[in-house]
Structures are given as structure tokens and as C-alpha cells.
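What follows is one structure encoded as C-alpha cells, with my remarks underneath.
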Amino acid sequence: MTGDGCAGELAGGSGGMARVTLADVARAAGVDMSTASRVLRGEATQRVREETRVRILKIAEEMQYLANPLARGLRTQRTDTLGIVVPQLDNPVFASAIRGAELAAAERGYSLLISHREPGETATTIAKISRTNRVDGLLVASLDDDEVLRTDLAAARVPFVLMNRILPGAALSVVLDSRAAARKGVEHLTALGHRRIAHLAGREGGFNARERLQGYRDGLAAAGIAFDEKLVGVAGYTAEGGTTAMRALLPQHPTAVLAATLVSAAGAMATLHEAGLRIPEDISIIGLHDAPVARMLYPALTSVAMPTEEMGRVAADLLIRALAGEEPEPVAPLPPGALVVRGSTGPAPH
């Protein structure tokens with residue numbers, strides 16, 4: 001068979017409804033397969049009479065014909081599929097980025113294949129998704145060290161765009177302006193009169209952790225507050241990390257907390273409740289990134305909104321343009337969104 005007509009399979013195994021093939025459409029329209037294929041792909045059809053073209057399209061619609069992307073990929077060495085690799089599926093940041101990437105991909109006729117890789121896993125997920133699943137390019141969010149990530153990307157052998165981090169030597173990446181977001185959070189707390197502000201930092205050595213720590217320090221400096229390393233605890237990107245780090249910081253008696261992530265803020269709030277501290281009367285807390293779960297916490301969490309869905313959309317658009325042979329320019333960090341004030345922040349206690 002040729003073209004899309006190599007799909008004589010059943011959709012869903014034995015007993016399922018037979019897939020309508022290109023050969024079926026051509027036979028019903030009374031034309032050869034090459035003519036049907038050209039019409040259905042929208043290619044130039046000067047040699048095909050208009051009535052024939054209309055008949056082919058009408059029959060294809062009536063028969064609910066769908067082109068077989070696997071067959072097309074075998075012919076063109078393209079799959080019209082992008083892969084996206086994320087370190088956490090339950091993290092609202094990555095869930096939002098996936099949604100943005102999927103919307104942008106669909107607008108350009110691409111599908112999105114999602115793969116999950118925990119930090120430190122030995123399996124080369126990036127290489128596997130690009131080879132085994134035959135994607136045209138990759139969107140990669142990773143919490144791995146630079147050298148681990150660089151090794152995996154070298155093995156992928158497809159174009160890629162990084163999300164939410166910068167890797168020296170990698171040309172294309174889309175990041176959030178985490179430094180500006182952290183500063184905005186601290187400025188909100190200092191405006192409420194807080195002077196002892198703790199910071200639940202991200203992963204040690206990570207790009208975003210460094211940016212957010214610097215934004216925290218910028219905010220303190222702008223208010224004339226000296227940086228105190230005893231008020232910084234490493235929480236990483238999990239609720240458990242937020243719980244543990246907050247517990248370790250309580251002896252320092254902070255009156256407010258800037259959490260690097262929404263997830264670590266939720267964990268920290270659990271520790272504060274456990275310690276019998278009232279939020280915000282005794283201690284205020286603010287998180288970076290806003291999502292529906294922020295409204296479900298008690299009290300509802302004040303947050304700095306981050307354009308995570310936009311990050312996924314922009315990254316997918318960059319990748320598709322690169323696949324089309326363009327040379328897209330680097331993208332500036334995406335600025336934070338609005339400060340969303342809720343019940344978790346209030347005036348500093350006297």
C-alpha cells in the first residue's frame with residue numbers, strides 16, 4: 001500500500017469498528033488513491049475537476065475518514081508530534097505549562113506527547129521519548145543538574161526548547177522572571193510593616209532558586225532590611241519540603257514568609273497550623289504562582305501570579321518555528337502577573 005492507505009487495521013482491536021482508509025475513500029469516490037490523497041492533503045489539484053474534488057471531500061466526511069499520522073510519518077519522517085518532559089505532574093506550574101503548550105501545538109496542527117521524569121532518575125527519558133515515540137522536537141522542564149540535563153539532551157538528537165530554566169550552551173529557553181516575582185512578594189510584606197521575613201527557597205543550585213533568592217534579597221534591600229541567612233530555608237518544590245523547612249525556621253521567629261512555590265507554601269501553612277500560629281495575625285505567608293488550590297487553603301493564600309500557561313505556549317511556538325527552519329530570537333523572561341491578595345497576609349504583629 002502507499003500513502004495513508006497502509007492503515008487497514010482495526011481501531012481498538014478485534015471486534016472494533018474498522019478504520020476507514022484512504023483506499024476506502026478512493027474506491028467510494030471512483031478515483032485512484034494518489035488523487036484522493038492530494039485532495040485530502042489540500043495540495044494543488046489543477047488536474048482534478050472541481051466536482052471530483054468536492055465529491056472526494058464529501059465522501060471522506062461522510063465516511064468519517066481520518067488520515068493516519070503514522071503512515072504519513074513513515075513517508076515524510078515527520079510525526080507532527082511534540083514531546084514535553086516535566087519533573088512533576090502534580091505541580092500546578094507544570095500542569096499549567098502543559099496546557100499552554102498543548103493549545104499552541106493544536107493551533108499549528110501538532111499533537112503533544114507528555115512524559116514524566118522525576119529528578120535523578122537514571123533512565124534517559126528525554127532520549128527515549130525522542131527515539132521510541134518519534135517526536136519531531138521536545139519541550140523540556142527539568143530539575144536535574146546542568147551536566148545531567150546536557151547529557152540527556154545530547155542523546156535526544158531532536159530540536160528542543162527548555163522551559164523554566166536556562167542551560168549554558170542551549171540556544172532556546174523560555175523562563176519566568178522569578179527575580180521580579182520574588183521582589184514583588186517581599187515588597188507586599190514590607191508594605192505591611194514586616195521586617196523579619198523568612199524565605200522558603202527552591203532547590204539548592206537551581207536556576208529558579210537562585211533567581212528567587214536574589215529577588216527576595218532585592219526586596220529586603222529596597223526596604224532597608226539586612227539579609228539574614230538564618231531566615232532562609234531550602235524547601236525545594238514539594239509540600240513536604242515546605243513543611244520541614246518551615247519547622248526549622250520557626251525558632252527564628254519570622255513574622256512573614258515568602259515561599260518560592262505554591263506547593264511549598266501549602267506545606268509551610270500546615271506547619272504553622274500545627275504550631276498553633278494564626279495566619280495572618282501571628283505570621284503572614286505569600287507564595288509565588290497562583291492556581292485554584294491557592295483559594296482552597298485556609299486562609300486563602302496571597303500569591304504572585306506567574307504566566308506559566310503562557311510559558312508553555314511560547315515554548316511550543318518557538319519549537320514549531322525552529323522545526324519549520326526559522327531561527328527564532330531568544331525570548332526575554334516573562335514578567336510576573338498581578339499580586340493576588342487574599343487572607344494569608346496582614347499587618348505585622350506588634
Side-chain angles (χ1 to χ4, degrees), residues 81-98 100-102 105 112-179 201-214 234-238 241 260-261 263-264 288-289 306 308 310-323 327-334:
T81 300
L82 307 180
I84 184 167
V85 180
V86 296
Q88 298 168 319
L89 289 173
D90 57 352
N91 188 315
V93 170
F94 299 119
S96 179
I98 289 171
E102 186 173 37
L112 190 68
L113 183 65
I114 302 167
S115 185
H116 170 229
R117 175 187 173 176
E118 290 284 353
E121 282 186 359
T122 55
T124 54
T125 306
I126 293 171
K128 288 170 65 177
I129 192 175
S130 64
R131 292 175 177 174
T132 308
N133 297 300
R134 298 188 67 248
V135 297
D136 296 333
L138 284 172
L139 303 169
V140 179
S142 172
L143 300 178
D144 285 315
D145 292 335
D146 284 357
E147 289 310 311
V148 173
L149 179 58
R150 188 175 285 108
T151 299
D152 270 3
L153 290 171
R157 299 180 185 175
V158 295
F160 63 86
V161 174
L162 295 177
M163 297 190 303
N164 212 32
R165 73 178 289 170
I166 290 175
L167 181 69
L172 295 178
S173 60
V174 181
V175 299
L176 307 172
D177 193 340
S178 292
R179 182 171 177 173
R203 179 178 61 89
E204 283 189 287
F207 168 76
N208 280 303
R210 291 194 301 270
E211 290 293 296
R212 292 173 189 184
L213 177 59
Q214 187 58 56
V234 177
Y237 305 105
T238 66
T261 69
V263 176
S264 62
L288 302 186
H289 180 59
M306 303 289 279
T308 49
E310 176 74 357
M311 176 177 66
R313 187 194 67 77
V314 171
D317 184 66
L318 270 182
L319 181 57
I320 292 169
R321 288 166 56 196
L323 289 170
E327 296 184 3
E329 294 292 324
V331 176
L334 304 179

Would you indicate whether the side-chain heavy atoms of [Y] and [X] approach each other to under 4.5 Å?
X: Gln88; Y: Thr238; value: yes
X: Leu167; Y: Leu153; value: yes
X: Val331; Y: Met311; value: no
X: Leu149; Y: Leu162; value: yes
X: Asp136; Y: Val158; value: no
X: Val263; Y: Pro92; value: yes
X: Val93; Y: Met306; value: no

Can you name the nearest heavy-atom pair linking [X] to [Y], along with the distance?
X: Ala101; Y: Ala316; value: O-CB, 3.8 Å
X: Leu113; Y: Val135; value: CD2-CG1, 4.1 Å
X: Gly236; Y: Ser264; value: O-CB, 4.3 Å
X: Ala260; Y: Gly202; value: CB-N, 3.9 Å

Check your understanding: Looking at Arg150 and Asp144, does any basic side-chain N land under 4.0 Å from a carboxylate oxygen?
Key -> no
**Study point:** All pairs passing salt bridge (charged side-chain N to carboxylate O under 4.0 Å, His left out) where residues 161-178 contributes a residue, at least two apart
**Key:** Asp146-Arg165
Apply side-chain contact (heavy atoms from CB on, under 4.5 Å) to [X] and list each qualifying residue two or more places apart in sequence or on a separate chain.
X: Ile320; result: Leu82, Arg108, Tyr110
X: Leu89; result: Val86, Ile98, Ile114, His116
X: Ala315; result: Leu139, Val161, Met163, Val174
X: Ala95; result: none

side-chain hydrogen bond (donor to acceptor under 3.5 Å, both in side chains) involving [X] - partner list, sequence neighbours excluded:
X: Ser178; value: Asn208, Arg212
X: Glu329; value: none
X: Ser115; value: none

With sequence neighbours excluded, what pairs up with [X] under the salt bridge (charged side-chain N to carboxylate O under 4.0 Å, His left out) test?
X: Arg210; result: none
X: Glu204; result: none
X: Glu310; result: Arg313

Practice item. Output the distance between atom OH (Tyr237) and atom CG (Leu143), rounded to the nearest 0.5 Å. Key: 6.5 Å
Practice item. Supply the atom-to-atom distance Leu176 CG to Leu288 CG, rounded to the nearest 0.5 angstrom. Key: 10.0 Å
